[in-house]
Amino acid sequence: MELQTVLPILGGLLSVVGALFLLLAAIGIIRMPDVYNRMQTGTKATTLGSILFLLGIGIAQPSWLGKIVLLILFIVFTNPISSHVLARAAHFRGIPLAKGTVRDCLADDEAGEQGVCE
Amino acid sequence: MKRLLARFLIFTFLLIIWLLLTYPFSIQELTAGAVVSLLIALFSAGSIPIFAEMRTGPRAIIWGIAYLFVFFFELVKSNLDVAFRVLHRKIPIQPGIVKVRTTLTSRIGRLALANSITLTPGTITVETKGEYFYVHWIDVRARNIEETTQNIVKKFEKYLEVIFG
């Protein structure tokens with residue numbers, strides 16, 4: 001088969017898989033019990049989702065590949081910082097963890113308790 | 001020598017970003033980009049000390065490339081894991097904030113480790129205090145700090161140790 005016909009199909013498949021991960025992230029936001037667990041799915045299932053989606057576009061349209069790689073790098077370097085800051089802000093604002101949470105070492109350490117964390 | 005290396009790193013870094021942005025590029029754009037990158041590298045190296053902390057030996061570069069693959073594998077694995085938990089009827093999660101200890105000493109190494117932990121689904125770095133990281137973990141299955149460190153940190157740390165120290 002010609003490369004010209006294979007590449008768009010391959011790129012399309014990658015994009016669909018990426019879109020599936022984004023869908024899972026959306027479902028996770030609805031189903032998870034508290035803000036921290038929502039962040040686990042909502043901000044991070046999107047990493048692989050966006051990477052695959054963008055890569056799919058880049059493969060289907062090779063002349064855009066340089067910009068796509070830059071976009072992926074941008075996501076990889078900024079995404080963890082925003083999710084870290086969101087989680088940190090939520091914790092210091094005092095938003096409680098969901099029922100069924102096993103432990104909270106950060107709150108224990110701030111209260112000066114010697115718990116199971118050591 | 002250290003400053004010269006830092007300048008060279010900044011120059012290469014900026015030029016690569018410019019080349020990716022203008023790909024497919026012409027010789028005119030290449031020259032303009034090289035001149036601007038050179039100027040920025042000459043005038044700003046002193047104010048970006050974090051670049052000077054990076055190691056640039058061949059061993060660090062090879063391990064860095066290996067780390068990309070290891071990290072991508074971990075990313076896919078934990079993505080599938082979280083996807084399974086999301087779709088499961090009972091939502092089998094055991095969330096909690098745990099404490100881990102890192103043996104990395106350089107600032108950029110710790111930055112890379114904290115960001116790697118946050119990028120893998122299932123774990124978010126909530127706060128860092130010196131060598132301790134507080135990590136929100138979606139499935140707490142370890143009892144003490146050694147076990148959590150073994151579970152979350154070690155797989156990244158052995159590579160980052162070589163790359164950043």
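Computed from a predicted structure; not experimentally measured. All chains are named by letter (A, B, ...) in the order of the sequence lines, taking the proteins before the strands, and each is independently numbered beginning at 1.
Using a 4.5 Å cut-off between heavy atoms, A:His84 touches chain B through backbone and side chain atoms alike. Heavy atoms closer than 4.5 Å to chain B are found in both the backbone and the side chain of A:Val76. Only the side chain of A:Leu97 comes within contact range of chain B, with heavy atoms under 4.5 Å apart.
Of the inter-residue distances, the one linking A:Asn37 atom CG with B:Ile93 atom CD1 reads 4.0 Å to the nearest 0.5 angstrom. In this structure, CG in B:Leu119 is found 7.5 Å from CD1 in A:Ile51, a value given to the nearest 0.5 Å.
For the pair A:Gln40 (side chain) and B:Pro121 (backbone), a donor-acceptor distance under 3.5 Å is absent. A donor-acceptor pair under 3.5 Å is formed between the side chain of A:Arg31 and the backbone N or O of B:His88. Side chain of A:Arg88 to main chain of B:Thr125: no donor-acceptor pair is present (N/O by atom type, distance under 3.5 Å, no hydrogens or angles).
No side-chain heavy atom of B:Ile138 sits under 4.5 Å from any side-chain heavy atom of A:Tyr36. Taking the side chain as every heavy atom from C-beta outward, A:Phe21 and B:Asn79 approach each other to under 4.5 Å.
With chain B as the partner, the residue from A:Ile81, A:Leu70, A:Leu73, A:Leu52 showing the most heavy-atom pairs under 4.5 Å is A:Leu70. Counting heavy-atom pairs under 4.5 Å between each of A:Pro33, A:Ala90, A:Ser63, A:Pro80 and chain B puts A:Pro80 at the top.
Smallest separation of non-hydrogen atoms from B:Thr118 and A:Ser83: CG2-OG, 3.6 Å. In this structure, A:Lys67 and B:Leu21 approach most closely via the heavy-atom pair NZ-O, 3.1 Å.
With no hydrogens or angles considered, no side-chain donor-acceptor pair links A:His91 and B:Glu127 at under 3.5 Å.
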